[in-house]
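Predicted model, so just to flag it, every value in this text is computed and none were measured.
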Amino acid sequence: METVRTEILPGVSLTCLHTKKFKTDCMSINLLTQHRRDTASLNAVLPYVLRRGTRYHPDMESISAALDELYGTCIEPVVRRIGEIQCIGFYANMPSTAYLPGRGVMRSAAELMCEMLLSPNTKGGLLLPAYVDSEKEKLLERIRGRVNDKIGYSVQRLYEEMCCYEDFAVPRLGTESGAEGIYYQKLTKHYRNLISTCPVEIFYCGSEAPEAVAEVFRDALCGMPRGELDYEIGTDIRMNALGNEPRYFTEELNVTQGKLALGFRLGECMEEPDIAAISVFNCVYGSGVTSKLFMNVREKLSLCYFATSTVDTHKGLMCVFSGIDFDKYEDAKAEILAQLEDVRMGNISDEELNAAKTGIASSLRVIPDSAGDLEGFWLANIIDGLDYEPEELAELCENVSREDVIAIADSVVLDAVYFLRGNGEEADDEE
């Protein structure tokens with residue numbers, strides 16, 4: 001698998017993974033912009049509006065017909081948040097040219113995807129009100145529906161409170177009030193600004209030669225307006241907790257199972273982050289069935305229905321979330337923190353350490369088995385300024401020592417605790 005990265009136009013970069021491993025190719029085009037409260041919902045709705053119709057394919061029916069002619073190629077809107085950078089655009093899957101009687105599918109799919117981006121269906125130079133209003137309502141439904149996923153809702157509420165002075169507090173799709181303020185004139189103005197100022201990241205994984213892919217996208221995007229590009233986007237990584245003591249937040253909804261979420265700053269280790277060591281630490285502590293949280297808090301002590309940890313190395317955060325009985329709040333919280341202290345004290349068996357390293361390395365080594373996983377891996381790496389191959393990172397994880405894990409644990413500091421408990425009403429079955 002050959003990886004080639006080039007700048008094909010001002011502020012437009014292409015990462016091309018040349019391989020004949022897959023029967024389907026994938027590609028994506030992403031506008032990178034700062035994730036902010038006042039624009040997050042505008043950004044989130046935009047690719048869905050652009051996907052509704054173009055100058056040459058004015059509605060979903062004509063777009064679907066064009067995709068059918070490309071052997072069932074699929075192009076879908078994507079809205080991602082990596083750290084405090086919002087990535088919006090399109091992701092495409094198509095049959096590999098090597099398995100088709102003829103050529104041109106990748107070129108045609110790329111041209112259609114760029115047409116969606118650059119040539120939306122407009123009237124009087126403005127995005128169509130019907131398309132904007134329709135996608136606005138769908139966005140509002142998705143935002144309002146987040147509360148139905150109580151685990152995801154609890155984690156998001158933790159970050160909203162914990163990072164209240166940071167852009168990271170804003171959900172990926174923005175806020176309900178932000179979505180309600182969307183209208184077609186405002187979205188058109190915002191779209192024109194993004195197209196002219198955003199850095200663009202294109203990814204391709206498939207059998208086409210990198211030079212040919214670059215030529216296709218260079219031609220398809222040659223009319224893209226480029227003004228003063230905004231390269232000042234980035235993520236504010238804060239080493240310390242907001243206060244001298246952890247902050248506590250409680251919310252009540254009609255639930256039968258409590259959701260406890262603890263938010264940590266990864267701390268000084270983020271000055272020069274060792275991604276491999278952070279990943280292994282997370283697996284030793286709380287991620288997976290061999291972790292301390294699973295083996296002790298859940299299995300041995302039965303203090304929760306589940307308990308797991310996740311780390312966000314883009315932002316420098318760790319979250320432990322668990323499902324508990326309401327009356328187990330204090331015991332569960334105390335034991336979750338006790339297990340972290342256990343790691344700090346170096347009470348890590350060889351079995352725990354080796355299981356964590358093997359698990360992380362194995363998960364990294366299967367990334368090259370999926371073109372879609374490779375796309376997500378490389379986009380995150382590019383935004384973070386890293387150039388690891390999955391195999392390279394897997395080998396680094398296998399070389400992480402007990403002392404490396406202890407050093408990460410020593411750096412971690414508790415910032416906020418969020419508890420979602422019942423309000424005494426009859427609850428829906430949300431678990």
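Using a cut-off of 4.0 Å between Lys/Arg side-chain N and Asp/Glu carboxylate O, Asp415 and Arg247 are scored as salt-bridged. In summary, Lys333 and Glu330 engage in a salt bridge, as defined by a charged side-chain N under 4.0 Å from a carboxylate O. A salt bridge is absent between Lys138 and Glu141: the closest approach of a Lys/Arg side-chain nitrogen to an acidic carboxylate oxygen does not fall below 4.0 angstrom. Comment: Arg5 engages Glu201 in a salt bridge, judged by a side-chain N to carboxylate O separation of less than 4.0 angstrom.
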TODO: Might you work through the side chain to side chain donor-acceptor pair (under 3.5 Å) test for Tyr91 and Glu375, ending with a clear yes or no?
DONE: CA-CA 9 Å; Tyr91 177 91; Glu375 189 268 350; 5.7 Å; no

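Under a 3.5 Å cut-off, the side chain of Lys136 and the backbone N or O of Ile182 do form a donor-acceptor pair. A donor-acceptor pair is defined here as one N or O able to donate and one able to accept, closer than 3.5 Å; such a pair exists between the side chain of Glu392 and the backbone of Glu389. Side chain of His35 to main chain of Pro171: a donor-acceptor pair is present (N/O by atom type, distance under 3.5 Å, no hydrogens or angles).
Remark: Tyr388 engages no residue in a ring pair (Phe, Tyr, Trp, His ring centres under 6.0 Å) (not counting sequence neighbours). Qualifying side-chain contact (heavy atoms from CB on, under 4.5 Å) partners for His18, counting only residues two or more places apart in sequence or in other chains: Glu2, Pro210. Judged as a ring pair (Phe, Tyr, Trp, His ring centres under 6.0 Å), and not counting sequence neighbours, Tyr204 has no contacts. Under the side-chain contact (heavy atoms from CB on, under 4.5 Å) criterion, Glu166 pairs with Glu84, Cys163, Asp236, Arg238, Arg265, Lys315, not counting sequence neighbours. By the ring pair (Phe, Tyr, Trp, His ring centres under 6.0 Å) test, Tyr159 is found to be paired with Phe168, residues two or more places apart in sequence or in another chain being considered.
Sorted by first then second residue, the ring-ring contact (aromatic ring centres under 6.0 Å, His included) pairs that include residues 315-362, not counting sequence neighbours, are Tyr329-Phe419.
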